[in-house]
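First comes the structure, then the notes that go with it.
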Amino acid sequence: MLEITDLHATVDGKAILNGLTLSVGAGQVHAIMGPNGAGKSTLSYVLAGRAGYEVTGGSVTLDGRDLLALPAHERAAAGLFLGLQYPVEIPGVSNLLFLRTALNAQRKLRGEAEASGAEFMKLIKVEAEGLGLSMDMLKRPVNVGFSGGEKKRNEMVQMAVLRPRVAVLDETDSGLDIDALRVVADGINRMRAPDRATLLITHYQRVLDYVVPDRVHVLVAGRIERSGGPELAHQLEREGYVRVAA
Amino acid sequence: MSLPTRKTEDWRWSDLSGLDALAAQPANDAAPDLAHYWLDLDGPRLVFVDGRFVESLSDRRGLAVTAVRSAPRHPLGDIAAAKATSGLWLTRSANAAAIGPVQIVHVASGGASHLASRIELAAGAHAEIIETHVGAGWSNVTCTVALAEGARLMRTTRVLKDGGAHTDFTLATVAGAASYTSAALVAGADSARIEARVRLQGTGAFAEADGVLLARGTQTLDAFTLVDHAAPGGTSHQVWRSVADDLATASVAGRVSVARDAQKTDAVQSLKALLLARTATANAKPELEIWADDVKCAHGATVGELNRDALFYLQSRGVDPAGAKALLTRAFLGDALDRIGDEVVRDAVTADAVAWLEAAR
Ligand SMILES: Nc1ncnc2c1ncn2[C@@H]1O[C@H](COP(=O)(O)OP(=O)(O)OP(=O)(O)O)[C@@H](O)[C@H]1O
Ligand SMILES: [Mg+2]
């Protein structure tokens, strides 16, 4: 479903991704683990099409479609979702306006009917409840004054409403308390379906007890150094990156 | 006619050089279509064309429209006093029957037009006035405001011209416990200068002078507000948000002065500008002159760009770059626009701003 082949990318002229190859099949969840600075967030930005991240080689396709040829907003409409490691605060724009604008922009790009106000409110109410964010919070400006954990839950609410085909979640489990981790993991699991895929970037084996991955990859210095089953995450936890990736 | 040049400090961001040429242009007497400028408010509707009151297009509801032969001493006021052909002289007493918000549409058809108005509210009286400027040419308007004890005035000014110049000067005096509130949206006009001097001369007086400047192309827009706290216990707000795109210039200067015995003054000044292009120019100049020691003065002035992280965040969710820009710019303007107290007026002025943003897409 998501095919990344020999991907090279630079940021400010500095090579960060150095021939990264990864294939995530439909219905699968893959985890990416790797040391700080390995290029995990860079990979997520390159996939999402952020300005300043220059692809210097390789290819990425989503359902056979050349993702790299599309501007960021069209990638989203094509079904890509990026859960940010550090969700952004936007003063003056409520979560409701943000998400409704996003949903309808995507629908418009796909040639679908836009959601009416009532339809949207119904949709978001269900998802917010499931993820433990009150409607009062969603009326507030995007992520402003939200705790770290609330910001991550908010990312999950957005994901649930936008229903992407491929979700790239960059450390969505970081900074969550134990209950929130369960809630977020449930959110990810609810998205598991034969026609969807998830790429879960994480530092902790713990989340993988709740969201059991099909594959675990170790990203070091901009490439996948090792891949394996869920047991690889346990091995990393015990032995560290240096020994496992060697 | 002599107008200040940019060599004078308080005028250094204004571009008045083209006014003589504009004044020499012939007027265009095509009948304007004003229907969409009226807000859905129950009150008098007045139309001035080239500074002349037009009874047939208006619904006065008993309001008197008289030429005001005096204007405040000021370079623009002097010209208005000499040349104004008509104006609004609004006087209200506390027990006058309610007339509802007064809407005025000023149409400039070309050439120069001058208008001098006067608003006097007796103790405890209140009034709301919404003025919309449309058309072309140079419109020069001045207004003298006198608010007695406990009077309340809400003013809104929309400059939605197709081109030309707009100069606007207000001199307001506010007695004890009286309140002067103004909001401006300046979008049309190749060049505009909108200036207000508000003097809080009674205890516990209130002033609010807010606005937004929306400049693109080669527009030069300039706002200058001065609040003079001359008595104790006064409160003032100056909240301006300006946006400059292309080669345009948007400038705001705000001055607060607090006299020695104006203790317990609470003055807030927030002047922020947003550059939508590196080729545009924005100026924001806060000035404080404080002679009293027991005062609260919060002030801030910034010139910045849209937050790149926020732009990317929106795009990563499916919003195209122009849409993301418009949404964030609108949020920026909200700091000033959301302060408009009358919901109908707030919605209309916000719609003006949104229309300006949409025009770029
Ligand atoms: N704008 C930039 N200019 C130069 N170097 C950058 C820039 N952004 C990121 N980098 C570098 O790219 C490398 C990869 O960063 P990235 O954020 O992708 O790492 P990461 O694997 O997500 O790390 P972490 O686990 O700490 O989140 C780092 O060495 C970082 O310093
Ligand atoms: Mg990272």
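Chain identifiers are assigned alphabetically (A, B, ...) following the order of the sequence lines, protein sequences preceding nucleic acid strands; residue numbering begins at 1 within each chain.
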Crowded around [X] [atom1]? As in, over 12 foreign heavy atoms under 6.0 Å?
| X | atom1 | result |
| --- | --- | --- |
| B/H299 | NE2 | no |
| A/R65 | CZ | no |
| B/R152 | CZ | no |
| A/K139 | NZ | no |
| A/D195 | CG | yes |
| B/R308 | CZ | no |

Can you tell me which portion of [X] sits under 4.5 Å from chain B's heavy atoms? Options are side chain, backbone, both or neither.
| X | result |
| --- | --- |
| A/L82 | both |
| A/E74 | neither |
| A/L99 | neither |

- request: Count the heavy-atom pairs under 4.5 Å between each of A/P87, A/A76, A/P71, A/P91 and chain B, then report the option with the highest count.
  value: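 Option with the top pair count is A/A76.
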Ion pair B/D320/A/K108, N-O distance below 4.0 Å: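 No, B/D320 and A/K108 are not salt-bridged.
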field: Inter-residue atom distance B/D309.CG - A/R50.CZ, 0.5 Å rounding
entry: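 It is 4.5 Å, given to the nearest 0.5 Å.
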message: Distance check, rounded to the nearest 0.5 Å: B/S316 atom OG versus A/L47 atom CG?
response: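 Answer for the OG-CG pair, B/S316 versus A/L47, is 12.5 Å.
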field: Considering all heavy atoms, the nearest A/A105-B/V319 contact
entry: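 Closest heavy-atom pair between A/A105 and B/V319: CB-CA, 4.1 Å.
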task: Please report the shortest heavy-atom distance between A/A102 and B/R317, naming the atom on each side.
output: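 Result for this residue pair: CB-O, 3.3 Å.
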- prompt: Between A/F98 and B/Y313, what is the ring plane arrangement, given parallel below 30°, perpendicular above 60°, and tilted in between?
  reply: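 Geometry flag for B/Y313 against A/F98: tilted rings.
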Side chain to side chain, B/F312 and A/L84, heavy atoms closer than 4.5 Å: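 Yes, side chains in contact.
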